[in-house]
Amino acid sequence: MKAETTQFKPSLKLMDATMLVAGSMIGSGIFIVSADITRNVGSSGWLLVVWLITGFMTLTAALSYGELSAMFPKAGGQYIYLKEAYNPLISFLYGWSFFTVIQTATIAAVGVAFAKFTAYLIPALSEDRVAIDLGFLTISPAQLLAIGVIVLLTFINNRGVNGGKVIQTTFTVAKLLSLFGLIMFGLFFLDKGIWKSNWENMWQLGALPASGSVSAYTTLAAFGAIAAAMVGSIFSSDSWHNVTFIASEIKNPARNIGLSLALGTIIVTVLYILTNVMYTGVLSLHDIAYADKDRVAVSAANHIFGTAGTITIAVMIMVSTFGCNNGLIMAGARVYYSMAKDGLFFKKVGTLNKNAVPGFGLWIQCIFAALWCISGKYGDLLDMISFVVVMFYMLTIFGIFILRKKRPDAERPYKAFGYPVLPIIYIVMGLAFCILLIIFKPKFTWPGLIITLIGIPVYYLIKGKINQPNVVAKEVVEA
């Protein structure tokens with residue numbers, strides 16, 4: 001007797017879905033990436049502009065996805081939308097990029113971030129120590145802890161969606177409250193002298209060197225600097241669409257997915273902007289830009305809480321990254337499940353276990369993420385994948401226009417807010433971001449694009465193997 005089921009169980013309410021959106025977005029980025037953004041733009045005003053642009057793009061995309069999620073409330077989310085709007089090749093390229101880098105490398109990076117900040121409390125777990133030396137490869141205690149956390153969360157989610165739901169909601173509420181608390185304390189202990197200094201030349205756009213005045217940009221270079229700065233903010237705001245992957249497990253998905261996307265992205269965008277306002281009130285621009293190992297939040301917390309600040313932030317980031325990884329792990333396997341249903345991934349991944357979750361897909365994802373942990377190369381790839389992520393967002397949003405023409409009479413319980421103006425604005429902004437990265441930061445574009453394009457021969461290789469038995473069977477029948 002097979003211990004498998006054939007259907008997902010709708011058990012997630014609006015609150016759970018909203019916490020998945022917010023929890024998947026907030027990892028470790030908001031505590032770190034403002035340093036690189038400040039080095040690129042050189043002023044507090046432009047620091048906030050970068051976060052505002054990113055927030056606007058994220059919210060616009062989320063509101064646009066609401067229409068697609070209501071039309072296709074199925075497991076797989078964005079993969080399904082691309083298939084319905086375009087063709088199986090485009091959706092496979094997304095699924096291929098998603099599995100090889102976007103999701104698995106993100107899981108690895110978030111896992112190692114958890115371990116790095118755990119090492120503040122337990123120095124024996126430091127990434128600077130060697131736990132295993134294989135000669136050609138050394139593995140740190142931090143990497144082993146990251147793998148352990150990924151395995152633990154995979155195990156919990158393998159036992160059913162309810163366990164993952166409890167972790168997600170609990171940890172997301174905890175990190176939202178703690179981040180809000182950090183903002184409130186920071187604004188309460190705001191240094192008026194630092195605040196005035198940071199905001200005197202708020203629109204002076206230029207590179208901020210380690211010493212000396214801001215180096216102004218030419219007009220075109222300024223746009224390139226903003227695009228480069230947005231790599232960090234976009235990464236920090238990504239994964240909001242994970243809720244669409246588990247559409248089959250959400251109650252009343254036609255209503256709750258779109259609503260959770262809007263609520264979750266608004267909450268996180270407001271918190272991110274307030275966090276950066278707080279940074280400029282307690283740290284000089286130089287201290288933000290050149291915080292030790294880019295840990296801006298640690299420097300801010302030390303200013304607010306004294307020596308206890310490091311421990312405060314370490315615990316906050318541990319909570320944040322643990323909850324973030326739970327959301328990433330829970331949602332990711334549903335994409336591979338949909339790919340397998342289309343014959344484009346291991347057949348076993350397209351089955352549900354006795355707990356009504358794609359258990360095999362969860363463990364495949366776990367193994368690949370663990371390999372990224374060991375490689376230590378996930379950080380470089382994540383910087384480089386922002387181009388690909390935005391490219392697929394643009395394709396998906398343009399898919400709304402295609403589907404409105406292809407299926408004008410299709411049921412649309414929710415329609416994209418601000419259509420067609422806001423979706424067009426997103427596409428134009430996303431296109432500008434990608435073009436500027438190609439011109440000014442090619443290292444952020446080509447590796448991710450190459451990984452995606454490798455999926456083309458892989459797709460046709462898989463399709464050839466799928467179709468070959470069908471051809472033989474047809475010939476036998478005809479004979």
Side-chain angles (χ1 to χ4, degrees), residues 23 26-36 105-156 167 170-171 174-175 177-179 181-182 185-186 232 235-236 275 279 282-283 287-326 328-329 366 369-380 382-383:
I26 305 174
S28 59
I30 185 59
F31 303 101
I32 298 170
V33 301
S34 292
D36 183 64
T106 301
I107 290 170
V110 173
V112 172
F114 172 87
K116 285 181 179 179
F117 283 89
T118 303
Y120 273 121
L121 307 180
I122 309 173
L125 298 174
S126 171
E127 61 182 322
D128 298 324
R129 295 174 178 261
V130 176
I132 300 174
D133 189 347
L134 301 176
F136 65 93
L137 177 71
T138 58
I139 302 173
S140 70
Q143 288 169 303
L144 291 178
L145 177 58
I147 293 171
V149 169
I150 293 168
V151 171
L152 172 64
L153 289 172
T154 300
F155 174 77
I156 292 170
I167 289 176
T170 303
F171 276 77
K175 66 179 164 184
L177 291 175
S178 60
L179 186 56
L182 179 65
F185 273 104
F235 169 67
S236 300
T275 299
Y279 287 157
V282 298
L283 299 171
D287 288 342
I288 294 173
Y290 295 96
D292 182 40
K293 296 183 180 180
D294 286 356
R295 292 165 180 164
V296 183
V298 172
S299 297
N302 284 338
H303 179 90
I304 298 167
F305 302 112
T307 54
T310 299
I311 295 175
T312 302
I313 289 298
V315 172
M316 279 183 62
I317 295 180
M318 287 171 64
V319 170
S320 180
T321 50
F322 192 85
C324 177
N325 241 357
N326 180 73
L328 296 172
I329 289 168
C366 175
L371 291 174
W372 276 127
C373 287
I374 294 172
S375 75
K377 300 297 182 183
Y378 46 82
D380 295 336
L382 287 174
D383 286 340

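Panel note: side chain Asn326, backbone Ile167; no donor-acceptor pair is recorded below 3.5 Å. Side chain of Ser320 to backbone of Ser28: no donor-acceptor contact under 3.5 angstrom is found. A donor-acceptor contact shorter than 3.5 Å links the side chain of Ser178 to the backbone of Lys175. Looking at Asn302, its side chain does come within 3.5 Å of a backbone N or O of Thr310 through a donor-acceptor pair. Side-chain atoms of Glu127 never come within 3.5 Å of backbone atoms of Ala142 as a donor-acceptor pair (strictly under, hydrogens ignored).
The shortest distance between side-chain heavy atoms of Ile313 and Leu182 falls below 4.5 Å. Between Ile374 and Ile147 the shortest side-chain heavy-atom distance falls below 4.5 Å. Using a 4.5 Å heavy-atom cutoff, the side chains of Val298 and Asp292 are not in contact. Looking at Ile329 and Ile156, their side chains never come closer than 4.5 Å, going by heavy atoms from C-beta outward. In this structure, Ile139 and Val130 have side chains that are not in contact, with every pair of non-hydrogen atoms separated by 4.5 Å or more. Side-chain contact between Phe114 and Ile317: absent, with no pair of heavy atoms (C-beta onward) separated by less than 4.5 Å. Between Phe322 and Thr118 there is no side-chain heavy-atom pair separated by less than 4.5 Å. Contact annotation: the side chain of Arg295 approaches that of Phe117 to within less than 4.5 Å [non-hydrogen atoms, C-beta and beyond].
Gly186 and Val282 make their closest contact through O-CG1, 3.6 Å (heavy atoms, listed as atom of the first residue, atom of the second, distance). Minimum heavy-atom separation, Ala369 to Ile107: CB-CG2, 3.8 Å. Contact record, Ser126 with Ser140: O-CB, 4.1 Å, taken as the closest heavy-atom pair. The two residues Pro141 and Arg129 come nearest to each other via the heavy atoms CD-O, 3.3 Å. The nearest pair of heavy atoms linking Lys293 to Asp128 is NZ-OD2, 4.5 Å. When all heavy atoms of Phe31 and Leu179 are compared, the pair lying nearest together is CE2-CD1, 4.1 Å.
Sparse packing is recorded around CD1 of Ile311, with 12 or fewer heavy atoms of other residues, nucleotides or ligands lying under 6.0 Å away. Within a 6.0 Å sphere centred on CZ of Phe305, heavy atoms belonging to other residues, nucleotides or ligands number more than 12.
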- Task: Show your working on side chain to side chain contact (heavy atoms under 4.5 Å, CB included) between Leu121 and Val315 and close with a plain yes or no.
- Result: CA-CA 9 Å; Leu121 307 180; Val315 172; 4.1 Å; yes

